[in-house]
Amino acid sequence: PSTRYRTGSVAKPITAVAMMRLVDRGLMELDTPLGTSISGLSEDSRHITPRQLASHVSGIRHYALMEILSSSAGFNGPKHYASVAEGLDSFIGDRLRFAPGTNFLYSTWGYSLLSRKLELAAGSSFPQLLQTFVFEPCAMQDTAVDGIAPMKARASFYQAESGSYSLADPMDTSNRIAGGGLVSTPSDLVRLAICAEKDSFLSQAARKTMWTPVILANGQANEHNYALGWRIDTSTRLFGKDKPTAIIHHGGQQEGGASFLVIAPALGVSVAVMTNSGTSAARQAVQDTAYELVRQLNGNYNAGPLAGPPE
């Protein structure tokens, strides 16, 4: 239980919780444009808001596969960024894919930009504000920023294909900590979920905002029902079509790791599952396992096998 695994994109709900803690304290506003606070932004990008970054409707592009390959030791060697601001060079000069708020495009780079805004709001580095506003109050002692250097209790990472295992290449995720650069344990991720439901940790207003899907400029819901760092669904995969169940969740997959965190508020259940293999099969397996655990914790052992792609 104390082994650290790569969170992949489950870093995003952690970042969103940190953001809402800052909002609760009046340190930032979700709908105030970035403006000139972050150097290097284009005129169009200055109109982006934190809410749009957190919900993937900002127009900031996602990373390309070649960019991730070039960060592994098996390609051009890992590049380390000394700060969040320095890591923005990976994308900050690129054009927006659409006007902010008008469409949905999942973007880890958008979370990198969001983390820089959080730094400016909190007056501290992103790793430090995570420690102060999330890890310490939630007793997440095993969650940390990932890195190339050896780390206590961190799993060895593999890629498992067709029954064979190979060591995953080392990765430097210093330019995308907020969207996929953390290590954690399943227990710590559940501690995050428990914290997020406490009024003493997040106000009811902040929690409602964080877990409400963002509406596009045309008045329609975004296609992924994505809120602020979390996906919001009414799932029939847990107990069948006759018992739709509201869930709040996020998954992650990257080289050497896959993870899934799900909260079922009406059941009083939160489950996290992590693995040290980063294939698409591993990503499916952690979600399937999490759903099975939710069923068992709810006393329902008769549900059939899961089918279909990850939600």
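What's counted below: heavy atoms across the whole structure, side chains too, no hydrogens, waters or symmetry copies.
Within the model, atoms CD1 of Ile177 and OG of Ser83 stand 9.0 Å from one another, a figure rounded to the nearest 0.5 Å.
Trp109 and Phe91 have parallel rings, their planes meeting at less than 30° on a 0 to 90° scale where 60° marks the start of perpendicular. Under the 30°/60° scheme for interplanar angles, the aromatic rings of Tyr226 and Phe104 are found to be tilted.
Side-chain N/O atoms of Asp44 and Ser42 include no donor and acceptor closer than 3.5 Å. A donor atom on one side chain and an acceptor atom on the other are not found under 3.5 Å apart for Ser235 and Tyr291. Between the side chains of Thr173 and Asp146, not a single donor N or O lies within less than 3.5 Å of an accepting N or O. Side-chain contact of Thr7 with Lys12: a donor-acceptor pair under 3.5 Å is absent, judged by distance alone. A donor-acceptor contact closer than 3.5 angstrom links the side chains of Ser203 and Asp24.
Residue pairs meeting the salt bridge (Lys or Arg N to Asp or Glu O under 4.0 Å) criterion with at least one member in residues 185-201, sequence neighbours excluded, are Asp188-Arg191, Asp199-Arg207. For residues 137-205, every residue pair satisfying the disulfide (SG to SG under 2.5 Å) rule, not counting sequence neighbours, is listed here: Cys138-Cys195.
When the side chains of ILVMFWY residues are joined at heavy-atom separations under 4.5 Å, either directly or via intervening members, Met19 and Phe133 end up in a single hydrophobic cluster. Criterion: ILVMFWY side-chain heavy atoms under 4.5 Å apart, direct or through other members. Under it, Phe157 and Val273 are not part of a common hydrophobic cluster.
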Which is it for Thr185 and Thr143 under the side-chain contact (heavy atoms from CB on, under 4.5 Å) test, yes or no, and what are the steps along the way?
CA-CA 7 Å; Thr185 66; Thr143 306; 5.5 Å; no

